[in-house]
Amino acid sequence: MTQTSENVTWLTQEAYNQLKAELEYLSGPARTEIAAKIAAAREEGDLRENGGYHAAKEEQGKQELRVRQLTQLLENAKVGEAPAADGAVAPGMVVTIAFDGDEDDTLTFLLASREYASSDIETYSPQSPLGMGVNGKKVGEDAEYELPNGKKATVRILKAEPYQG
C-alpha cells in the first residue's frame, strides 16, 4: 500500500517489488519488443500512411512515460509496514463508510494511490477530498469532506481493515 507524505511514497515490500519488476520489464524486454515493432513497420514503406508505425510509436511513448513515472515513484519510495488493524483509517486500508449516517447507503473502497487501482475494489487516493476527510478517523467517527460543487458531505466510518490484496 502507499501513503504519500510530501514527496515520499510509502510502500509495502510487496508493492515495491511489484513496481520494481514492472519497471525492469518495461525498461528491458518491453523496450526491445516495441523497437522491433517500429523497425518492422518502418520496413513497410511510406511512414505517413503507415498505421502500424504510428500505433507502435504511440505505444512507445506511453511506455516511456510509465517508465519515467515508475522511476520517480521508486526513487522517492520508502519501504514500510502495512497499516495496523487498529480501527483507524490510513492509506492501505479497506474502508466502509455510510453516507449521512444511513447504514443502507454505504461505500467500501481501498484508500491508496492509483498504483493500486484494480477492478476488484474501488480505489480512492489519500489526496482526494473523500480520502483526506476519512484519513486518520476511527471506526464510529464522522468525517466531513468537500463535494465538487463546494458543499460539505458527512460520512460515518463503519469499518477500516488492512487491504489483503
Side-chain angles (χ1 to χ4, degrees), residues 1-31 34 58-165:
M1 303 312 80
T2 65
Q3 174 180 354
T4 305
S5 160
E6 293 177 30
N7 289 333
V8 175
T9 301
W10 292 94
L11 298 170
T12 61
Q13 187 65 55
E14 177 186 356
Y16 180 86
N17 294 346
Q18 180 183 353
L19 294 173
K20 184 87 169 148
E22 181 184 353
L23 177 60
E24 287 170 4
Y25 170 74
L26 291 175
S27 298
R31 271 192 180 144
I34 196 69
E58 185 174 325
E59 183 181 341
Q60 181 186 40
K62 289 179 182 176
Q63 190 173 297
E64 291 303 316
L65 174 62
R66 181 68 177 151
V67 166
R68 287 192 303 275
Q69 288 172 335
L70 288 171
T71 300
Q72 184 177 12
L73 179 77
L74 293 173
E75 281 175 356
N76 296 318
K78 298 280 188 234
V79 177
E81 292 300 311
D86 60 3
V89 177
M93 306 285 283
V94 175
V95 182
T96 302
I97 58 171
F99 292 96
D100 296 320
D102 181 355
E103 303 277 330
D104 294 326
D105 187 10
T106 64
L107 171 67
T108 299
F109 61 92
L110 172 61
L111 185 64
S113 78
R114 63 188 172 101
E115 300 299 327
Y116 289 93
S118 74
S119 58
D120 298 343
I121 186 166
E122 198 163 348
T123 304
Y124 282 83
S125 164
Q127 286 78 36
S128 69
L130 178 59
M132 288 189 293
V134 300
N135 198 4
K137 299 288 185 183
K138 293 195 176 296
V139 172
E141 290 183 345
D142 288 340
E144 188 176 86
Y145 68 102
E146 190 171 320
L147 298 169
N149 64 9
K151 294 184 179 178
K152 300 281 186 190
T154 303
V155 295
R156 172 156 292 145
I157 313 298
L158 301 179
K159 282 170 53 177
E161 300 169 338
Y163 180 59
Q164 300 300 316

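Quantities reported herein were computed from a predicted structural model and do not represent experimental measurements. Each residue takes its place number in the sequence, starting with 1.
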Nearest non-hydrogen partners of [X] and [Y], listed with the distance:
| X | Y | value |
| --- | --- | --- |
| Pro91 | Asn135 | CD-OD1, 3.6 Å |
| Lys138 | Ala88 | NZ-CB, 3.7 Å |
| Lys137 | Ile157 | CB-CG1, 3.9 Å |

Check for a donor-acceptor pair, side chain of [X] on one end and backbone N or O of [Y] on the other, with a separation under 3.5 Å.
| X | Y | result |
| --- | --- | --- |
| Ser27 | Glu24 | no |
| Glu122 | Leu110 | no |
| Ser128 | Tyr124 | no |

Could you tell me whether the side chain of [Y] reaches within less than 4.5 Å of the side chain of [X], counting heavy atoms only?
| X | Y | result |
| --- | --- | --- |
| Thr106 | Phe99 | no |
| Met132 | Pro126 | no |
| Tyr25 | Val67 | no |
| Leu158 | Ile97 | no |
| Asp142 | Val155 | no |

Once you round to the nearest 0.5 Å, how far does [atom1] of [X] lie from [atom2] of [Y]?
| X | Y | atom1 | atom2 | answer |
| --- | --- | --- | --- | --- |
| Lys152 | Leu147 | NZ | CG | 9.0 Å |
| Glu64 | Arg31 | CD | CZ | 4.0 Å |
| Lys20 | Thr71 | NZ | OG1 | 8.0 Å |
| Leu74 | Leu19 | CG | CG | 5.5 Å |
| Tyr145 | Lys151 | OH | NZ | 13.5 Å |
| Leu26 | Gln69 | CG | CD | 10.5 Å |

Item to check | Carboxylate-amine/guanidinium contact Lys62 Glu58, below 4.0 Å | outcome: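 A salt bridge links Lys62 with Glu58.
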
Item to check | Neighbour count >12 (heavy atoms, 6.0 Å) for atom CD, Glu141 | outcome: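 Enclosed: over 12 neighbouring heavy atoms sit under 6.0 Å from CD of Glu141.
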
